Amino acid sequence: HTPTPKWKIILVGLVGVYFTWMGLRVSRAPFAIFKDFGSGFGFGWWYFRAGWLFWDSYEPEIAHDLFVNVLSSSHERRTRLGLTNNYRDIPALNCSVMGMDFFNPIGLAAGFDKNAKAIDGLIDIGFGFVEIGTVCPEPQEGNPHPRLHRLPHGEGIVHRYGFNSEGAESIATRLSQRELD
């Protein structure tokens with residue numbers, strides 16, 4: 001098959017990011033968008049669905065990589081794209097579990113950000129915590145492509161990435177360079 005041109009990846013991806021996250025911004029809180037799904041008439045829902053129409057035009061792994069790259073961009077760029085909101089200011093969502101304090105109880109499990117590139121971006125869009133990985137001792141490719149498949153009728157995905165990783169040393173370096181608040 002013919003690879004997707006880079007300009008199309010960037011253009012369609014930015015439009016998808018805009019509409020998807022405008023859905024969250026219009027809803028005013030990271031979880032309010034789900035309230036809109038029930039009625040089908042909330043503005044956040046329409047923006048969210050429009051964004052996913054753009055994401056669906058990509059091969060799944062390209063869409064995933066593009067989204068991780070957008071979320072790993074600078075704070076200023078994420079702000080310009082509308083991907084930063086201060087959900088930390090909603091005291092009702094704050095929680096404490098086993099002595100650890102979180103801004104909200106919704107976290108992202110390992111597998112999405114395997115190389116710790118988008119931690120700050122994921123926190124900025126509303127996750128209370130982010131788990132990275134799988135982190136392997138040495139860099140490795142994982143399974144051959146294609147390894148991510150959409151299930152359109154079930155609105156899900158099947159992934160067979162394997163243990164693709166940039167390696168523990170690279171990820172440790174990236175984590176040590178993060179500025180913590």
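Keep in mind the model is a prediction, meaning the values are calculated, not measured.
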Check your understanding: Ser170 side chain to Gly167 main-chain N or O, any donor-acceptor pair under 3.5 Å?
Key -> no

Point to revise | Nearest-0.5 Å distance that lies between atom CG in Asn164 and atom NE2 in His145 | key: 8.0 Å

Exercise for review: Return the set of residues passing salt bridge (charged side-chain N to carboxylate O under 4.0 Å, His left out) with Arg77 (not counting sequence neighbours), or none when no residue passes.
Suggested key: none

Review point. Is Ile62 reachable from Leu148 through a run of I, L, V, M, F, W or Y residues, each pair having side-chain heavy atoms under 4.5 Å apart?
Key: no

Check your understanding: With side chains defined as the heavy atoms from C-beta onward, is the minimum distance between Met100 and Val97 less than 4.5 Å?
Key -> no

Check your understanding: Could you go step by step and tell me if Asp124 and His75 meet the side-chain hydrogen bond (donor to acceptor under 3.5 Å, both in side chains) rule?
Key -> CA-CA 9 Å; Asp124 280 348; His75 182 76; 3.2 Å; yes

Practice item. Return yes if some donor-acceptor pair links the side-chain N/O of Asn143 with the main-chain N/O of Arg147 below 3.5 Å, else return no. Key: no

Revision key, fill the gap. The single option from Leu108, Ile132, Leu71 that satisfies side-chain contact (heavy atoms from CB on, under 4.5 Å) with Asp113 is Ile132

Check your understanding: Are any side-chain N or O atoms of Gln140 and backbone N or O atoms of Phe163, one a donor and one an acceptor, separated by less than 3.5 Å?
Key -> yes

Review point. Could you go step by step and tell me if Ile157 and His149 meet the side-chain contact (heavy atoms from CB on, under 4.5 Å) rule?
Key: CA-CA 6 Å; Ile157 60 168; His149 309 276; over 6 Å; no

Check your understanding: Do any N or O atoms from the side chain of Asp101 and from the backbone of Ser96 form a donor-acceptor pair under 3.5 angstrom?
Key -> no

Exercise for review: For residues His64 and Tyr161, determine if any side-chain heavy atom of one lies less than 4.5 Å from a side-chain heavy atom of the other.
Suggested key: yes

Check your understanding: Of Thr173, Val135, Asn115, which is the lone residue that meets side-chain contact (heavy atoms from CB on, under 4.5 Å) with Glu166?
Key -> Asn115

Check your understanding: Can you check side-chain contact (heavy atoms from CB on, under 4.5 Å) on Arg78 and Asp120, steps first, answer last?
Key -> CA-CA 10 Å; Arg78 290 192 313 269; Asp120 296 320; 3.8 Å; yes

Review point. Under 3.5 Å, is there a donor-acceptor pair between the side chain of Ser72 and the main chain of Ala118?
Key: no

Practice item. Taking the side chain as every heavy atom from C-beta outward, state whether Val68 and Phe112 have any atom pair closer than 4.5 Å. Key: yes

Practice item. Provide the closest heavy-atom pair for Ile171 versus Lys114 in the form atom of the first, atom of the second, distance. Key: CD1-O, 3.7 Å

Check your understanding: When hydrophobic residues are tied together by side-chain contacts of less than 4.5 Å, even through go-betweens, does Leu122 share a cluster with Phe129?
Key -> no

Review point. If only atom types and distance count, is the side chain of Asn104 paired as donor or acceptor with the main-chain N or O of Leu93 below 3.5 Å?
Key: no

Check your understanding: Just wondering, do Asn94 and Phe102 contact through their side chains at under 4.5 Å, heavy atoms?
Key -> no

Review point. Hey, what do you get for CD1 (Ile119) to CD (Glu131), rounding to the nearest 0.5 Å?
Key: 11.0 Å

